[in-house]
Amino acid sequence: MSTQSLTPAHKEAVSVVRGDNPIRGLQNDVNRLFNDFFGDLSFPSWDNFFGDRFTSALSMKIPALDLRESDKAYTLVAEVPGMQAKDIQVSTADGCITLAGEKSESHETRDKDYIRQERSHGSFRRVVPMPADADIDNVKAEMKNGLLTLTIARKAEDSTKSRKVDIRELA
């Protein structure tokens, strides 16, 4: 047996990236082990039991964010599909921007033999710490096609940020 066959460089690479949630990654690994051992048991999923309208608001997720910077401003884009501007609140405090949203839905179907009513509610809250040079008192927000775009101006650089201090020699 050569020492080259024992080195990690010659073995197959294994990806350890499991997305944003390590618990979900662990759950997927355990599910895969059970499926490999027992086969696919094909239990029904609760996600599809009540239909899309009911689970859409209940499974509201924290919006995905993109933060970009330019010389003059930061741009924060949040994906909030299906929501309107009146459903979302944006606030600033302590160098952070807080996005919060809430959505409730109610559907009713009437037939001669029955009445079907569905109600759902979902909410999210996301706090985004901003860089020190972000002027959180100067934020503009726009909403279009399920994208909330915040433009945060950058503070002008302070010319007195670094200065020389004279040292007095004492006798």
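Here CZ of R119 is found 5.5 Å from OG of S106. Values are rounded to the nearest 0.5 Å. K140 NZ to L150 CG: the interatomic distance, rounded to the nearest 0.5 Å, is 12.5 Å.
Pairs passing the side chain to side chain donor-acceptor pair (under 3.5 Å) check and including a residue from residues 144-156, sequence neighbours excluded, read E69-R154, Y74-R154, D133-R154.
A chain of hydrophobic side-chain contacts below 4.5 Å, direct or via other Ile, Leu, Val, Met, Phe, Trp or Tyr residues, connects I136 to L76. By the criterion of side-chain heavy atoms lying less than 4.5 angstrom apart, applied directly or through intervening Ile, Leu, Val, Met, Phe, Trp or Tyr residues, M130 is not grouped with V77; the two fall into different hydrophobic clusters. Hydrophobic clustering, with ILVMFWY side chains joined whenever heavy atoms are under 4.5 angstrom apart, groups L65 together with V80.
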What pairs of donor and acceptor atoms, side-chain ones from residues 84-101 against any protein atom, are under 3.5 angstrom apart with sequence neighbours left out?
{"from": "D87", "atom 1": "OD2", "to": "Q84", "atom 2": "N", "distance (Å)": "3.1"}

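Every residue meeting the salt bridge (charged side-chain N to carboxylate O under 4.0 Å, His left out) condition with R110, not counting sequence neighbours, appears here in chain and number order: E108.
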Check your understanding: Taking it one step at a time, do H107 and T109 satisfy side-chain contact (heavy atoms from CB on, under 4.5 Å)?
Key -> CA-CA 7 Å; H107 300 282; T109 306; 5.8 Å; no
